[in-house]
Amino acid sequence: MTSPSRRTMRAASNSVLLLVTAAFALPLIWLVLASFDTRASLSIKLPDSLSLQNFRDVMTPETAFVPLLNSVYLAGGCAIITVIVAVLAAYPLSRYRMRVNKPFLYGVLFGTCLPITAMMVPVYALFVAFNLIDSVAGTTLFLAATSLPIAIYMTKNFMDSVPVSLEEAAWMDGASMLTTLTRIVIPLMRPGIAVVFIFVFIGAWGNFFVPFVLLLSPDKLPAAVSIFSFFGQYGTVAYGQLAAFSLLYSLPVITLYVFVSRVLGGSSAMAGAVKG
């Protein structure tokens, strides 16, 4: 058996990459073109004339601004709560060698495998019992609870990269564990915390099923649910308005990613702390 030549392997890999690129690029091209086309359809075509009418139609308080603000409340609150709890839970797992560490981590990993649809029936009954249906705060807490398992696992791995010797030096000077956590560990793992925050934020931002089940009032629905309003009856879809709203819907996540990546820096942030 002879191995394939380098040229054949390169051609095959380039072909696969082109297919993957086309699979991602074509929907994005349609999204941009359809948002400026008042007669948009499912086909990719240049609009007869560029128009901002689709953006004017969707940029109203009830269509875009209120749902986007609700999404910021839900996703932002979920990400903040998840990151705080994940840091507090990951610290003893990273710094102490206990018998319960491995079983606890296995339990955390098991929690990431549970499908959200399997939990919604008992969760809905629990929300009814505690009168939390149509509560933004209750929905935010549930989203944070579902995000915690993977957030704890990720945060623990990032925290392991912070040398314990830095904390030991602070302990020798009389610092408490909470002080070393807030003043040494957290500042040094800011890029890792940013990764966890963005991961949880994007997951909550695009979550359709949980808000759709737990929130009833139209003025409390996030953008992930309100986007369903562009799909009319009998298969009719306002493609132009849907594309324009989708572009507006993606802007906060892109802005957050760019802001965090530029402000917090990269993995080299810890290099100065471990020198010498």
Side-chain angles (χ1 to χ4, degrees), residues 1-52 54-55 58 71 75 79 109-118 146-147 149-151 153-155 157-158 161 191-209 223-225 227-228 230-231 235-269:
M1 296 293 291
T2 58
S3 60
S5 64
R6 183 175 299 180
R7 182 176 299 177
T8 303
M9 292 296 296
R10 183 178 299 175
S13 61
N14 289 339
S15 300
V16 173
L17 289 176
L18 286 176
L19 290 176
V20 173
T21 302
F24 282 93
L26 291 178
L28 293 177
I29 295 173
W30 175 86
L31 198 67
V32 174
L33 294 178
S35 62
F36 294 99
D37 189 357
T38 56
R39 299 181 179 179
S41 62
L42 277 177
S43 61
I44 298 178
K45 63 182 181 66
L46 291 174
D48 298 331
S49 60
L50 296 178
S51 174
L52 296 176
N54 291 325
F55 291 95
V58 301
S71 292
L109 289 177
F110 176 75
T112 62
C113 303
L114 292 175
I116 192 68
T117 52
T146 57
S147 303
I150 187 63
Y153 190 77
M154 293 173 63
T155 306
N157 290 333
F158 284 120
S161 63
I193 292 177
V195 170
V196 177
F197 184 91
I198 293 176
F199 182 84
V200 175
F201 185 92
I202 292 177
W205 183 266
N207 195 306
F208 170 84
F209 187 65
V225 179
I227 199 174
F228 189 68
F230 295 104
F231 296 85
T236 60
V237 182
Y239 291 109
Q241 296 179 18
L242 176 63
F245 185 84
S246 299
L247 288 179
L248 296 176
Y249 179 59
S250 61
L251 283 179
V253 175
I254 296 174
T255 303
L256 174 66
Y257 176 80
V258 172
F259 173 78
V260 171
S261 62
R262 294 208 172 183
V263 171
L264 293 183
S267 58
S268 60

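Numbering starts at 1 and runs along the sequence shown.
- Interatomic distance, F24 CZ to L28 CG, rounded to the nearest 0.5 Å: 9.0 Å.
- If you run ring-ring contact (aromatic ring centres under 6.0 Å, His included) between F245 and each of Y239, F230, F55, only F230 comes through.
- Closest of all the heavy-atom pairs between K45 and R39 is NZ-O, 3.8 Å.
- Within 6.0 Å of the CG atom in N14, the count of heavy atoms belonging to other residues, nucleotides or ligands exceeds 12.
- When every heavy atom of W205 is checked against every heavy atom of S71, the shortest pair comes out as CZ3-CB, 3.4 Å.
- Heavy-atom minimum distance, A224 versus Y249: CB-OH, 3.5 Å.
- Under a cut-off of 6.0 angstrom, the local environment of CZ in F208 is crowded, with over 12 non-hydrogen atoms contributed by other residues, nucleotides or ligands.
- Contact detail for N54 and A34: the closest heavy-atom pair is ND2-O, 3.4 Å.
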Handout entry: Evaluation steps, side-chain contact (heavy atoms from CB on, under 4.5 Å), between V253 and Y257
Key = CA-CA 6 Å; V253 175; Y257 176 80; 5.6 Å; no
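- The shortest heavy-atom contact between P47 and F36 is CB-O, 4.0 Å.
- In this structure, L33 CG and L46 CG are separated by 6.0 Å, a value rounded to the nearest 0.5 Å.
- Of all heavy-atom pairs spanning L242 and I227, the tightest one is CD1-CG1, 3.7 Å.
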Practice task
Would you please test L256 and F197 for side-chain contact (heavy atoms from CB on, under 4.5 Å) and show each step?
Solution key: CA-CA 10 Å; L256 174 66; F197 184 91; 4.0 Å; yes
Handout entry: Worked verdict on I193 versus T155 for side-chain contact (heavy atoms from CB on, under 4.5 Å)
Key = CA-CA 7 Å; I193 292 177; T155 306; 5.5 Å; no
